[in-house]
Amino acid sequence: MKIIWIIFILLFVQNIAMAAVSEYIEAYSQCCENESYKKFEQVIKGSASISDIEKQFVIDREIENELGSHFIYTDLENCIKIALGENYDIKINRADADEAYWINKNAQFQLLPDIYYNYDIKNLEGNYLVGGIVATTTHEVPIQSYFIAEWSTINQGKYFFYLAQTRNLLKSAKATLEYTKDETLLNTITNYYDTLARKLEIEVQKVNLYDRLEQLRYTQARFESGLGTLYDVKRAQAELAGAQQDYTAALNSLRLQQASLANVLGVDVLEAVYPFEIAVDKRQLVNPSYSIEELYEQALESREDIKAKKAEINAYRAQRSSNYTDIIPAVTISYQNGMVGTKRMGMSSHNSITLDVRANLGKNMLMGTITQIKADSAVVRAKKLELIKLERQVKEDIINSYYDSLNALKKIEASEVEVEAADTSLNLSLANMKAGEATFIDVIASQNIKVQANLNLIKNMIEYNKAQSKLLFDMGIISPKNVLKDYKTRFY
């Protein structure tokens with residue numbers, strides 16, 4: 001009977017103590033000086049009567065204020081539009097392509113004759129030798145006025161090879177421009193997803209920071225009521241300080257990543273570009289049934305950098321072939337129409353047609369021509385080897401992206417299970433601690449697992465989407481349409 005009474009008294013005291021703990025936590029919360037925690041607490045607990053969009057805005061504003069910068073909200077689709085219009089690598093390569101275009105146009109018009117006007121007047125006065133023997137004294141003012149047309153025909157045939165060379169350099173420049181657009185598109189996607197990852201990681205760290213604060217409040221209340229230990233309080237303080245450091249590091253990482261994204265977009269690097277998506281979903285962009293060989297064959301047909309390299313090789317071939325024209329005669333035709341005479345005798349018409357044929361036996365007794373052909377052949381061989389190296393690198397990149405996608409997909413499946421299990425584990429550890437069946441160390445371990453599980457899920461989602469975009473790029477078929485397939489901004 002006494003035992004029953006003792007148990008009844010202990011239960012009664014425990015209820016009183018727990019009520020005291022609840023009152024202490026409420027008082028602690030009201031006295032908290034950090035307004036950011038108060039606002040965020042309402043969002044986390046869902047006690048604020050606002051929509052999901054408004055909740056996200058509250059979180060974004062808190063992060064914006066803590067960074068001390070004004071966010072420029074955007075999404076992946078908008079980033080792609082900005083980058084393709086403002087990126088400086090694209091602008092530079094577009095200028096290079098314009099240069100190649102006008103050089104090719106210049107080559108096309110080199111077949112036209114040169115036309116120019118020549119006017120010559122002299123004042124001759126004094127003694128002059130006639131025929132180099134008889135001296136005579138004269139005062140004349142000879143005048144010549146000519147329109148001249150001169151045509152070097154096909155410049156020993158070099159014209160055709162130069163035209164082929166500039167045409168292939170133009171093809172190479174255009175392909176390089178398209179490749180730069182593809183590369184910029186990939187860099188935009190990569191940087192956007194990295195920025196989104198930093199944002200989502202900050203939100204995880206912010207929730208963790210709030211949870212650590214709640215744990216400190218709880219352990220402090222237990223200690224004040226005589227149910228806890230000073231060790232638990234100090235450990236909770238240490239965990240809160242560690243969470244604050246992780247959160248601060250995440251904020252810094254976001255700001256640096258925002259600068260990288262802004263630089264790729266071609267906007268002011270000081271602009272704090274900020275994704276307004278609240279989550280990330282895995283997005284399959286490449287048909288998983290394709291084999292690596294099929295992906296590689298597609299790349300050989302579609303990659304713009306491979307097209308650029310092939311056109312460059314053809315340009316150097318044309319340059320090498322032009323050396324053989326050194327042994328072809330150079331033919332120049334000139335036509336003059338004008339007036340000649342003197343001031344005293346008057347002017348009379350003058351017309352002439354000149355045909356000039358010069359037969360060369362190559363440069364430097366043909367040795368200059370032969371050695372130049374050898375040098376240009378070496379350049380062609382080097383460019384061919386560069387093409388082989390590029391194709392090999394493309395195949396390696398495809399293998400990497402292919403297996404990165406598969407690996408990330410498997411990790412996502414495991415991470416989803418891990419997140420669910422971590423949430424359940426944390427809830428059970430909290431319940432067990434309150435029931436006296438677990439320690440605060442168990443809660444801390446469960447909290448750490450929960451944070452890491454959420455971070456892992458975000459990381460693996462981002463890595464999968466980046467790998468899929470990279471695979472499109474490696475295949476040479478990346479485009480705004482392909483990367484935005486089934487893309488929807490979450491909530492907004």
Side-chain angles (χ1 to χ4, degrees), residues 75-77 79-80 182-183 185-205 207 250 253-254 257 260-261 264 275 277-300 302-303 393-425 448-491:
D75 64 359
L76 180 58
E77 184 175 4
C79 284
I80 289 174
D182 292 347
E183 198 172 38
L185 183 55
L186 177 63
N187 290 337
T188 301
I189 295 167
T190 300
N191 278 274
Y192 177 83
Y193 276 127
D194 284 341
T195 307
L196 178 59
R198 299 294 89 77
K199 170 191 175 178
L200 298 177
E201 288 169 6
I202 283 177
E203 293 177 4
V204 171
Q205 295 291 359
V207 171
S253 179
L254 170 65
Q257 185 57 47
S260 296
L261 178 57
V264 171
E277 296 186 60
I278 66 168
V280 58
D281 296 321
K282 61 178 182 288
R283 301 178 57 243
Q284 181 179 295
L285 303 177
V286 179
N287 191 333
S289 64
Y290 288 161
S291 66
I292 292 179
E293 285 299 327
E294 289 174 328
L295 298 176
Y296 180 59
E297 290 174 3
Q298 177 68 58
L300 294 180
S302 305
R303 290 270 301 216
Q393 184 61 52
V394 168
K395 180 176 283 189
E396 180 184 347
D397 291 342
I398 287 175
I399 293 174
N400 290 337
S401 299
Y402 181 83
Y403 284 105
D404 282 346
S405 293
L406 293 180
N407 186 46
L409 194 58
K410 292 179 181 178
K411 285 184 176 181
I412 289 172
E413 295 174 357
S415 294
E416 290 173 339
V417 175
E418 184 184 21
V419 167
E420 183 179 356
D423 287 339
T424 303
S425 176
N448 290 336
I449 292 173
K450 174 187 175 182
V451 172
Q452 193 57 51
N454 281 284
L455 292 177
N456 287 341
L457 180 57
I458 293 171
K459 176 184 176 183
N460 294 330
M461 286 284 195
I462 294 295
E463 290 302 319
Y464 176 76
N465 290 345
K466 287 165 58 176
Q468 285 284 291
S469 299
K470 180 65 164 54
L471 195 52
L472 283 178
F473 172 79
D474 294 336
M475 294 170 62
I477 60 173
I478 192 171
S479 67
K481 180 180 179 180
N482 287 343
V483 299
L484 293 173
K485 176 186 175 184
D486 299 328
Y487 173 76
K488 293 181 180 178
T489 306
R490 290 288 293 273
F491 268 9

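Positions are given from 1 along the sequence. Just so we're clear, the structure is a prediction, and the values are computed from it rather than from any experiment.
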Please determine whether side-chain contact (heavy atoms from CB on, under 4.5 Å) holds for the pair Tyr487 and Asp75, giving the CA-CA distance in whole Å, both sets of side-chain angles, and the decisive distance to 0.1 Å.
CA-CA 10 Å; Tyr487 173 76; Asp75 64 359; 3.5 Å; yes
Pair up each side-chain donor or acceptor in residues 409-416 with any protein partner under 3.5 Å, not counting sequence neighbours, and list the distances.
unit_1, atom_1, unit_2, atom_2, d
Ser415, OG, Lys411, O, 2.8
Ser415, OG, Asn460, ND2, 2.7

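- Between Leu261 and Cys79 the shortest heavy-atom distance is CD2-SG, 4.4 Å.
- Here the straight-line distance linking atom CG of Leu472 with atom CG of Leu185 works out to 9.0 Å at 0.5 Å rounding.
- In terms of the side-chain contact (heavy atoms from CB on, under 4.5 Å) criterion, residue partners of Ser253 (sequence neighbours excluded) are, by chain and number, Arg198.
- Distance CG/Leu300 to CE/Met475: 11.5 Å, rounded to 0.5 Å.
- Neither side chain, Glu297 nor Tyr290, offers a donor N or O lying under 3.5 Å from an acceptor on the other.
- Between the CD1 atom of Ile292 and the CD1 atom of Ile399 there is a distance of 5.0 Å, given to the nearest 0.5 Å.
- Of the possible polar contacts, none joining the Arg283 side chain to the Ser469 backbone as a donor-acceptor pair under 3.5 Å is found.
- Between the side chain of Asn454 and the main chain of Val419, no donor-acceptor pair closer than 3.5 Å is present.
- Thr195 and Pro275 make their closest contact through CG2-CD, 3.6 Å (heavy atoms, listed as atom of the first residue, atom of the second, distance).
- Taking OG of Ser425 as the reference point, atom CD of Glu418 lies at 11.0 Å (rounded to 0.5 Å).
- The stretch residues 457-484 participates, sequence neighbours left out, in these salt bridge (charged side-chain N to carboxylate O under 4.0 Å, His left out) pairs: Asp194-Lys466, Arg303-Asp474, Glu463-Lys466, Lys470-Asp474.
- Between Leu455 and Gln205 the shortest side-chain heavy-atom distance falls below 4.5 Å.
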Intermediate values then yes/no, side-chain contact (heavy atoms from CB on, under 4.5 Å), Asn482 and Leu285
CA-CA 7 Å; Asn482 287 343; Leu285 303 177; over 6 Å; no
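- Using a distance-only test at 3.5 Å, with no hydrogens or angles considered, no donor-acceptor pair links the side chain of Tyr193 to the main chain of Asn465.
- Asn456 contributes a side-chain N or O that, together with a main-chain N or O of Gln452, makes up a donor-acceptor pair within less than 3.5 Å.
- Around atom CD of Gln284, more than 12 heavy atoms belonging to other residues, nucleotides or ligands sit under 6.0 Å away.
- When all heavy atoms are compared, the tightest approach of Glu277 to Leu196 is O-CD1, 3.8 Å.
- Smallest separation of non-hydrogen atoms from Gly476 and Ser302: O-CB, 3.5 Å.
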Between Leu200 and Val204, does a side-chain contact (heavy atoms from CB on, under 4.5 Å) hold up when you go through it step by step?
CA-CA 6 Å; Leu200 298 177; Val204 171; 5.7 Å; no
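- Atom CD of Glu77 and atom OH of Tyr192 lie 10.5 Å apart (nearest 0.5 Å).
- Partner of Leu295 under the side-chain contact (heavy atoms from CB on, under 4.5 Å) criterion, chosen from Asn287, Val394, Leu471: Leu471.
- Of the possible polar contacts, one joining the Gln468 side chain to the Val286 backbone as a donor-acceptor pair under 3.5 Å is found.
- Remark: Asp182 CG to Leu186 CG distance equals 9.0 Å, nearest 0.5 Å.
- For the residue pair Asp397 and Gln393, a side-chain donor N or O sits within less than 3.5 Å of a side-chain acceptor on the partner.
- Side chain of Asn191 to backbone of Val264: no donor-acceptor contact under 3.5 angstrom is found.
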